[in-house]
Amino acid sequence: RPGKIRRTLRWTWRLTYLTFGGLLGYTAWVIYEDRHPQDQVKPDPSKKTLVVLGTGWGSVALLKNLDTENYNVIVVSPRNFFLFTPLLPSCTTGLIEHRSIMEPIRAILRHKKGSVQYYEAEATTIDPERKVVKVADNSEVKGSIAENEIHYDMLVVGVGAENSTFGIPGVRENSCFLKEIDDAQRIRKKIMDCVETAAFKDQSQEDIDRLMHMVVVGGGPTGVEFAGELQDFFEEDIKKLIPEISPRFKVTLIEALPNVLPSFSKQLIEYTENTLREEKIDIKLKTMVKRVTENTVEAEVSRPDGTKERLTIPYGLLVWATGNTIRPIIKDLISRIPAQANSRRGLAVNEYLVVQGARDIWAVGDCAVAGYAPTAQVASQEGTFLARLFNNMAKTESHEARITELSTSLNVQPGNAAETAQEIESLERQLKKIRDVKPFRYSHQGSMAYIGSEKAVADVTWWNGNIASGGSLTFLFWRSAYLSMCFSTRNRVLVIVDWLKSKAFGRDVSRE
Ligand code: FAD
Ligand code: NAI
């Protein structure tokens, strides 16, 4: 019996060694593959040129799922990385370091097969008549050529949107936006600048109050998430590090509508507003900002009796988060396509995401109007759909070419007629299946938002129904959901390390 136990133990050890050895070997192989991608080939003149504009959610989902061997792919974007926007508000306070949510586009493209080129440039004009995109290198360093043209056979426009200001005077000059990584870094610096200036020796009381007042305009998910992160930063770090001025710190959230988070369910709106108030965030609803100066926000409040009151609010930091507007390149393209005459919010696309009135141009994400909200979820599903569509189109073309080739050989070599006919029949059957691509349909998985003090709200679609939840458990769900959605394992590891680091040592308040 002891011998049997010994044998069992020996086998258990051997199995454990084998499993760990296998896992280690696999990890080493994955890392090796990642670090040693295949050499990329030169463009093949027999293939179509597919130009993709942008490296955001829509374009990257397309590139990730596209069989790039079928096309000569050219990617153009002024941003040489993919940005995981859902965690961008956390970068404004240093909870997460900005590089943790960036993935270099070259690292993504390097692993694709076929010819895939990337140009760091801004597309300035799309000429649908000549099928060319004009591109410009607007970076600080320039060579002898800073502008050029790229010809396309197929074009995917995924340039996203800009921050809307509704033409309100003073907004562009005086406020920070929250859309790109630079915005988050600017906000992070400005918060600390305001705090340190407020803490300056013998600073006036009036200035301390102004500098410690952080105003957020727009009660959509961006504004709410940022306000929550800011209040957390104050409670968890600033209060401990600079206690002498901490009672003066205040966050105000201004929203023109009667409630925040208009796209969430009623009970979650109520929960969010109550939680924000508990966190001591001042919410000003039915308040429309009309003008911004260097140190003040001028707003109009609608009172219940229908009267309007003008408010002047001094601020140290102003973050403007009032949604999207279209980019100049999209405005220009709209003006070149008569069928787009009524497009105001972006390029009108059909159910296959083809830009209406244009040939061989598709649009995805925030720059396309397909009847869905401008979210990462929509953009990513649209990109994935287009990849499937293009993979199918390439297969269709190759099958058709093979059928033509076989049909010709039938006449030349009648000896193999039965075999050839069988192959043609099989290809035609496959073709029928491939051609049967269903139109794009968005599948809504739900909406989530962080609301501060380790609480989140989620409207999640579940078995054709909807579950609305808010609180600390939802926060854990929010964190795990976004962690799983991060672009790469590298991003996931970095984000976890950042969370742990901030929990253990606090946020880094040094100003770069
Ligand atoms: P983007 O991701 O904005 O990418 C556009 C790309 O085009 C960029 O690479 C840009 O550099 C490039 N580009 C711009 N101009 C040009 C040009 N002229 N030529 C070539 N390239 C150009 N959505 C969710 O679903 N869930 C969330 O939790 C969520 N959180 C968010 C948090 C924040 C702070 C923000 C700002 C947005 C959030 N969103 C979220 C919305 C989501 O980020 C957008 O809907 C999504 O990024 C749209 O994807 P896109 O590909 O259309 O554009
Ligand atoms: P938004 O369009 O959702 O909200 C902007 C808010 O600003 C609106 O409620 C509007 O009433 C208000 N507003 C406009 N002008 C104003 C003024 N002058 N004064 C006061 N308030 C004013 O914009 P947001 O939050 O930037 O989101 C953009 C898109 O990105 C949305 O589709 C959103 O769903 C998505 N997003 C999703 C997130 C998530 O799911 N967690 C996080 C961030 C963005």
Side-chain angles (χ1 to χ4, degrees), residues 51-62 75-92 105 119-126 133-136 138 157-166 168 171 177-180 183-184 216-226 253-264 284-292 297 299-300 320-324 327-330 332 346 363-368 372-380 382-383 444-450 456-459 478 481-482 485:
V51 175
V52 180
L53 304 183
T55 46
W57 279 93
S59 303
V60 167
L62 160 71
V75 182
V76 177
S77 175
R79 197 175 80 189
N80 80 344
F81 56 89
F82 167 75
L83 176 64
F84 187 74
T85 46
L87 292 179
L88 190 61
S90 303
C91 293
T92 59
I105 193 68
Y119 296 120
E120 189 189 272
E122 202 176 310
T124 49
T125 323
I126 298 166
V133 180
K134 286 192 181 154
V135 297
N138 289 336
V157 188
V159 297
E162 280 188 355
N163 296 291
S164 70
T165 63
F166 304 101
I168 297 170
V171 176
F177 297 107
L178 182 50
K179 197 161 195 59
E180 297 293 342
D183 299 331
V216 185
V217 182
T222 306
V224 167
E225 290 194 329
F226 172 67
L253 179 63
I254 303 179
E255 168 55 52
L257 297 175
N259 57 271
V260 298
L261 294 185
S263 57
F264 282 67
K284 291 194 188 306
L285 300 173
K286 294 189 186 171
T287 307
M288 170 87 84
V289 173
K290 297 278 184 184
R291 189 165 167 258
V292 173
V297 163
E300 197 172 74
W320 193 264
T322 63
N324 297 339
R327 290 196 188 276
I329 184 174
I330 301 298
D332 178 71
V364 287
D366 287 2
C367 66
Y372 308 108
T375 65
Q377 245 188 101
V378 171
S380 154
E382 287 177 342
H444 186 59
Q445 306 296 307
S447 310
M448 286 188 279
Y450 180 63
V457 286
D459 260 329
W478 174 85
Y482 280 150
M485 281 161 62

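Just the heavy atoms: all of them, side chains too, but no hydrogens, waters or symmetry mates, feed the values below. Order of appearance sets the numbers: ligands from 1, and atoms from 1 within every ligand.
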Is [X] reaching over with its side chain to a backbone N or O of [Y], donor-acceptor style, under 3.5 angstrom?
X	Y	result
Glu382	Gly365	yes
Ser59	Gly56	no
Ser90	Leu88	no
Arg79	Thr55	yes
Thr322	Gly218	no
Gln377	Gln445	yes

Please say whether [X] places an N or O atom under 3.5 Å from an N or O atom belonging to ligand 2.
X	result
Trp320	no
Gly223	no
Val289	yes
Thr375	no
Ala256	yes
Phe166	no

Close-contact set for ligand 2 against [X] heavy atoms, below 4.0 Å:
X	answer
Pro374	29 (C), 30 (O), 31 (C), 32 (O), 35 (C)
Met288	17 (C), 18 (N), 19 (N)
Thr287	19 (N), 20 (C)
Ala321	5 (C), 7 (O)
Gly220	3 (O), 4 (O), 6 (C), 25 (O)
Glu225	41 (N), 42 (C)
Gly323	2 (O), 5 (C), 23 (O), 26 (O)

Within ligand 1, which atoms have a heavy atom of [X] less than 4.0 Å away?
X	answer
Gly158	5 (C), 6 (C), 7 (O)
Val76	20 (C), 21 (N)
Gln377	25 (O)
Gly56	1 (P), 2 (O), 4 (O), 6 (C), 9 (O), 51 (O)
Glu122	17 (C), 18 (N), 19 (N)

Shortest heavy-atom approach to [atom] - which of [options]:
atom	options	value
atom 21 (N) of ligand 1	Ala123, Pro78, Ser447	Pro78
atom 25 (O) of ligand 2	Leu261, Val171, Thr222	Thr222
atom 51 (O) of ligand 1	Gly365, Ala184, Ala368, Gly58	Gly58

Please report which non-hydrogen protein atom sits nearest to [atom], along with the residue it belongs to and the distance in Å to one decimal place.
atom	answer
atom 29 (C) of ligand 1	Pro86 CG, 4.0 Å
atom 14 (C) of ligand 2	Thr322 CB, 3.5 Å
atom 23 (N) of ligand 1	Ala376 N, 3.0 Å
atom 7 (O) of ligand 2	Gly218 CA, 3.3 Å
atom 36 (C) of ligand 1	Leu178 O, 3.3 Å
atom 37 (C) of ligand 1	Thr85 CB, 4.0 Å
atom 27 (C) of ligand 1	Tyr482 OH, 3.5 Å
atom 10 (C) of ligand 1	Ser77 OG, 4.0 Å
atom 3 (O) of ligand 1	Gly160 CA, 4.1 Å
atom 47 (O) of ligand 1	Trp57 CD1, 3.1 Å

**Message:** Are the side chains of Ile105 and Val60 in contact, using a 4.5 Å heavy-atom criterion?
**Reply:**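 Side chain of Val60 against side chain of Ile105, heavy atoms only: contact under 4.5 Å found.
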
Polar proximity ligand 1 side, [X] side, N/O cut 3.5 Å exclusive:
X	answer
Ala161	no
Asp366	yes
Glu180	no
Thr55	yes
Pro374	yes

Is [X] touching ligand 2 with its side chain, its backbone, both, or neither, if touching means heavy atoms under 4.0 Å apart?
X	value
Met448	backbone
Val217	side chain
Ile168	side chain
Tyr450	neither

**Message:** For the residue pair Trp57 / Thr85, report whether a side-chain donor-acceptor contact shorter than 3.5 Å exists.
**Reply:**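 Side chains of Thr85 and Trp57: pair found under 3.5 Å.
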
**Residue part near ligand 1, for Met448, under 4.0 Å between non-hydrogen atoms** = neither

